[in-house]
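To find a chain, count down the sequence lines: A is the first, B the second, and so on, and within it residues start at 1.
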Amino acid sequence: MLMNLVAVFPCVSLGAMLLALAVLAVRWKHALRRSARLFLLGVLVLTLFHAASNVLEWANIATVLDLFEDYVELLLPVLWGCFVYVFLQGLSQHELRASEARYRSLTDDVLDTSAVAIQILDAQFRIVWINQASQSYFGLNRDECIGRDKRLLLHEKIKHAVENPEAFARQVTDAFDRHEPATFECHVLPGPTREERWLEYRGLPIPGGLYAGGRIEHYYDVTARKRAEQHREELLLKLETQNAELERFIYTVSHDLKTPLITIKGFLGILREELGEGIADVVEDALGRIDAASDKMMQLLNELLEMSRVGRVDVPWEDVPLADVVEEAVALARGSIDACGAEVHIDSGFPIVCGERPRLIEVFLNLIDNAAKYMGDQPRPRIEIGAETSDTNVVCYVGDNGIGIEPRFQGKVFELFEQLDPHQPGSGVGLALVKRIVEVHEGRVWVESEGPGCGTTVRFSLPARPA
Amino acid sequence: MINENELVTLLLAVGALVFILSNGAGLRRLPMAPLFVSAYGVLVLGWCFTVLEGFFWDTALNYLEHACYAASSCLLALWCWLVFSNRPQCS
C-alpha cells in the first residue's frame with residue numbers, strides 16, 4: 001500500500017509539471033521578463049525529468065535518463081536560485097529605469113516648466129542644474145552653465161543682466177559665504193535674449209544628501225507686483241499733488257473772497273448811515289438780507305480757510321492732556337449747551353495724547369456744538385463725553401440723546417457742505433473739519449446711531465502716546 | 001548509508017534557500033511570492049528526507065521525500081497557473 005503511494009507521488013509530480021509547462025507554453029509572454037521565464041522553464045523541465053525518472057524507476061524500466069538523474073538533482077536547486085537572482089536583477093533594472101523616468105519627469109515636466117527660476121549648486125557652488133526659467137530670465141544656456149562655478153558665472157555673465165550688478169553680486173556671494181538663507185529683489189534689465197523683469201531671490205543652503213553644503217536658489221518673477229506698486233505710487237503722487245492744488249485753491253479762493261466781502265459789509269454800513277432812520281421797510285428788509293447773506297458767506301469762508309490750514313501749516317505736536325482739552329471745549333460751547341439746556345456728563349480717565357492742542361479743542365468743540373444743535377425736542381437733553389484707551393490707540397466719543405441719524409445718512413455726515421437738516425444754522429463744514437483734523441492726527445472718525453430719535457455718538461480714534 | 005550526491009544537492013539547496021530568504025524584500029515583488037517560496041521550501045524538505053533516510057526510518061522518510069516532491073510540483077504548477085493565467089504582465 002505504502003509502496004503504491006510512493007509510486008503515485010512521482011506521477012502526480014509529472015502531471016503537475018506537464019500542466020505547468022502547458023500553461024507556460026500557452027501564456028509565454030504573459031508574465032515575467034524573458035530571462036526569468038527561461039530559468040523557470042529550466043526548473044520545470046528538470047522537475048519533470050526528475051519525476052519521470054522516479055516513475056520509470058518505480059516501474060523498473062532502465063533508460064538513458066538514469067545516467068543524468070544525479071546531475072539533474074544537482075542542477076535543480078541551482079536553477080531555482082538562478083531564477084530568483086535573474087528576477088531580482090530584472091527588478092533592480094526596472095526600478096532603476098522607473099527611478100530615472102521619475103527623475104526625468106520631475107526635471108523635464110515639473111521643474112523645467114516652473115515659472116520660478118531654479119538653480120541648484122553643489123558644495124563647491126558649481127551649478128548642478130538650472131531650469132528653463134533660469135535660462136530665459138538671465139539669458140543663460142544650460143549646457144554652458146552646468147558644472148561651472150556660480151561665482152565665476154555671476155561675475156562673467158549673470159550680474160550684467162541686472163541693475164546695480166556689483167551690489168547684486170555682493171548680495172549673492174555674501175549669502176554663499178554665510179551659508180544662510182537670503183532674500184532680496186533684483187531688477188533684470190532687458191536684453192537681446194531676455195525681458196525686463198523684477199525678480200525676488202531666495203537662496204537656501206541644502207542641508208543633506210548628495211549636494212549637502214550646496215545651495216538651491218529660486219528667482220520668483222514679481223514683475224506684475226512691482227508694476228502694480230509703481231502704478232500705485234504714481235497714482236498716490238498724482239493724488240497728493242491734486243490734493244495740494246485743491247487745498248491751495250480753497251485757501252486762495254476763501255482768502256481772496258473775503259476782501260470784496262469786507263468791502264460789501266463796509267459799504268452796507270455806510271449805506272445804512274446815509275439813509276438814516278426813515279427808510280422804507282422794503283429797503284430795510286433788503287439791507288438786512290444782504291447783511292445776513294454777507295455774514296453767512298463770511299462764516300463759510302472763515303471755516304473753509306480754517307479747514308485748508310489744517311495739516312498744511314506745520315505745527316509741532318506736543319503732549320496734550322485730553323481732560324484739559326475737553327474742559328476747554330465745553331467752556332467754549334457753553335452757549336450752545338445752555339441754549340438747548342443739555343446736561344453734560346464728562347467721564348474721567350482721559351489720557352494724554354500727542355497732537356495739536358488747538359485743533360483737538362476744535363474737534364471736541366465742533367462735536368459738542370453739533371450734539372447741542374441736533375438735540376431736537378428732547379425733554380431731558382444729555383451730552384456724554386469720554387475716552388477708551390487701549391495699547392495702540394485712544395477712542396474718544398461725544399454722545400447725545402438727540403434726534404439721531406438714519407443709517408443711510410451716516411456715511412455722508414463728514415462730507416463737506418453736507419447738512420442733513422438744511423433748516424439748521426451752520427455751513428456743513430464742521431464735521432468735515434473734524435474728519436480732516438482727526439486724519440491729520442493719524443486717526444479716524446465714525447458715527448454711531450441706531451436711527452431717528454435714538455441719539456448719536458461720534459467716535460474718533462487717536463494713536464496712543466508712546467510710553 | 002549516505003549518498004554523496006544527495007548531500008551535495010542538499011547543501012546547494014540550502015544555499016539557494018538562504019539566498020532566496022535573504023532577498024525576501026525584493027522577492028515580495030514576485031507575483032504570488034509565498035506560494036513560490038513554499039514550493040521551494042517543500043522541495044528542500046524533500047531533499048532533507050532523502051539524506052536522512054540513509055540513517056533511519058528509510059521507508060517512512062522515502063515516503064515523505066516523494067510526498068514533498070509531489071507537493072512541491074503541485075505548488076509550483078499552481079503558482080505558474082495563477083501567475084501566467086490570471087495576472088497581467090509584470091516585471
Side-chain angles (χ1 to χ4, degrees), chain A residues 2-3 5-33 36-37 40 43-44 47-48 50-51 54 58 69-85 87-95 97-98, chain B residues 3-6 8-23 25-33 36-37 39-40 43-44 46-47 50 59-60 62-91:
Chain A
L2 203 61
M3 286 309 291
L5 270 177
V6 170
V8 168
F9 288 137
C11 293
V12 170
S13 193
L14 195 65
M17 282 307 97
L18 285 171
L19 175 69
L21 281 168
V23 169
L24 199 61
V26 174
R27 314 280 291 191
W28 176 245
K29 290 185 176 174
H30 195 63
L32 303 178
R33 296 167 66 80
R37 283 199 306 267
L40 179 65
V43 168
L44 295 180
T47 309
L48 179 76
H50 188 244
N54 283 339
W58 172 74
E69 193 182 349
D70 287 350
Y71 300 112
V72 167
E73 282 204 334
L74 284 172
L75 261 178
L76 203 50
V78 174
L79 277 183
W80 275 85
C82 285
F83 168 74
V84 171
Y85 175 76
F87 171 77
L88 293 172
Q89 282 294 307
L91 198 64
S92 304
Q93 284 173 9
H94 172 77
E95 283 177 348
R97 276 196 296 273
Chain B
N3 183 325
E4 286 175 6
N5 189 65
E6 287 171 351
V8 174
T9 302
L10 181 62
L11 288 174
L12 284 171
V14 170
L17 184 66
V18 169
F19 171 71
I20 288 170
L21 294 177
S22 64
N23 285 288
L27 207 61
R28 275 193 210 106
R29 304 282 296 275
L30 182 73
M32 303 283 175
F36 177 83
V37 175
Y40 186 68
L43 185 62
V44 175
W47 280 319
T50 310
T59 309
N62 187 46
Y63 168 80
L64 286 173
E65 174 203 342
H66 286 283
C68 284
Y69 290 157
S72 171
S73 298
C74 289
L75 288 171
L76 188 58
L78 181 63
W79 180 81
C80 284
W81 174 265
L82 291 172
V83 170
F84 284 87
S85 299
N86 302 321
R87 293 183 70 83
Q89 189 163 0
C90 63
S91 63

Report yes if the side chains of [X] and [Y] come closer than 4.5 Å at any heavy-atom pair, otherwise no.
X       : Y       : answer
B/Leu12 : A/Trp80 : no
A/Leu76 : B/Leu43 : yes
B/Leu76 : A/Met17 : yes
B/Cys68 : A/Phe9  : no
A/Leu91 : B/Leu27 : no
B/Phe84 : A/Arg37 : yes
B/Ser73 : A/Val12 : no

Item to complete: Measure up the A/Tyr85 and B/Phe19 rings against each other and bin them: parallel (under 30°), tilted (30 to 60°), perpendicular (over 60°).
Response: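 Taking B/Phe19 first and then A/Tyr85, their aromatic rings sit tilted (interplane angle of 30° to 60°).
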Item to complete: Name the option with the most non-hydrogen atom pairs under 4.5 Å to chain A; the candidates are B/Gly26, B/Ser72, B/Ala39.
Response: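 When all of B/Gly26, B/Ser72, B/Ala39 are compared, B/Gly26 has the most.
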Fill in: Shortest non-hydrogen separation from B/Ala77 to A/Ala16 and the atoms involved
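For B/Ala77 and A/Ala16, the tightest heavy-atom pair comes out as CB-O, 3.3 Å.
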Item to complete: Please report the closest heavy-atom contact between B/Trp79 and A/Leu32, naming both atoms and the distance.
Response: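 Minimum heavy-atom contact is CH2-CD1, 4.0 Å.
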Under 4.5 Å heavy-atom distance to chain B, tell me which part of [X] shows up: side chain, backbone, both or neither.
X       : result
A/Leu40 : side chain
A/Val43 : side chain
A/Leu74 : both
A/Glu95 : side chain

Discussion item. Can you confirm if the aromatic rings of A/Phe83 and B/Phe36 lie within a centre distance of less than 6.0 Å?
Written reply: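 Aromatic pair counts; centres sit under 6.0 Å.
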